[in-house]
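Comments concern the structure below.
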Protein chains: 2
Amino acid sequence: MGRGKIAIERIENTINRQVTFSKRRGGLIKKARELAILCDADLALIVFSSTGRLYDYASSSGMKAIIERYQQEKEENRGVLNPTSEAKV
Amino acid sequence: MGRGKIAIERIENTINRQVTFSKRRGGLIKKARELAILCDADLALIVFSSTGRLYDYASSSGMKAIIERYQQEKEENRGVLNPTSEAKV
DNA sequence: CGACCTATGTATAAATA
DNA sequence: TTATTTATACATAGGTC
């Protein structure tokens, strides 16, 4: 997008990389929020920039609850090859 | 986008909501992956659909490591009002 | 460094298969 | 219900301030 097309590979220029990070981070969080609202999904996003700063977003139930739900889900599916039994719609 | 414009609010039609969820989930994960690669960011995304299915993405260091890093960061910042001391660039 | 400006590349809403 | 098509809305690369 934008004035030119770019390849999906690490941006070597530091300034450029940080500018792109700021722009895309905003876009990603916006999309995450939209998905949560439009589709009634429960989601969490954690982002650490290459300089170590943390940015995050979590839908209404909250980051802590989502992480716990994730861990619980992983725990339950341990050893399950086809976890599409009853949840698939 | 698409043929028509939509408001960012819960999509009431179930079929529509699930179709939109599938499309946007894919788009969001793609954007997350691009951000991680382009900007050398470390990120994790956890998504639970309204039907309870789990989808996730984590950059190279892995979900577990990112969640731990997140919790550690939150722990360190407990009580810190302006955590932009040395990390801010 | 963030805010704003556009030309252009992408994502995606609806329709269709 | 999932895949493809197509018209549009949106995201964003590169620039400017």
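Per chain, numbering begins at 1; letters A, B, ... match sequence-line order.
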Carboxylate-amine/guanidinium contact R69(A) D42(A), below 4.0 Å: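 Salt bridge flag = yes for D42(A) with R69(A).
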Basic-acidic side-chain contact under 4.0 Å: K64(B), E68(B):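 So K64(B) pairs with E68(B) through a salt bridge.
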Closest approach of N13(A) to N16(A) (non-hydrogen atoms, all atoms of both residues):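 Closest approach of N13(A) to N16(A), heavy atoms only: OD1-N, 2.8 Å.
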Nearest non-hydrogen partners of I46(A) and M63(A), listed with the distance: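 Reported closest heavy-atom pair: CG1-CE, 3.7 Å.
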Please determine if a side-chain N or O atom of [X] lies less than 4.0 Å away from the OP1 or OP2 oxygen of [N].
X	N	result
R3(B)	dT5(D)	no
K30(B)	dA11(C)	yes
K31(A)	dT12(C)	yes
T20(B)	dA13(C)	yes
K23(B)	dA13(C)	no

Atom-to-atom span, [atom1] of [X] to [atom2] of [N] - whole angstrom:
X	N	atom1	atom2	answer
L28(B)	dT12(C)	CG	P	8 Å
R24(A)	dG9(C)	CZ	P	14 Å
L35(B)	dT10(C)	CG	C1'	16 Å
R17(B)	dA13(C)	CZ	P	14 Å
I15(A)	dA13(D)	CD1	C1'	16 Å
I8(A)	dA13(D)	CD1	P	8 Å
N16(B)	dT12(C)	CG	P	14 Å
F21(B)	dT12(C)	CZ	C1'	15 Å

Whichever of G26(B) and R25(A) has its nearest DNA chain C nucleotide further upstream toward 5':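 Comparing both residues, the 5'-ward one is R25(A).
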Base paired to dT1(D) (Watson-Crick or G-U; both N/O distances under 3.5 angstrom):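 Partner of dT1(D): none.
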Minimum-distance nucleotide (side-chain atoms of I6(B) versus dA11(D), dT1(D), dA14(C)):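 Per side-chain heavy atoms of I6(B), the pick is dA14(C).
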Side chain of K5(B) (C-beta onward), nearest among dT10(C), dA13(C), dC10(D):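 Of all the options, the side chain of K5(B) is nearest to dC10(D).
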Y55(B) side chain reached by L43(A) side chain, heavy atoms, under 4.5 Å: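 The answer is no; the side chains never approach within 4.5 Å.
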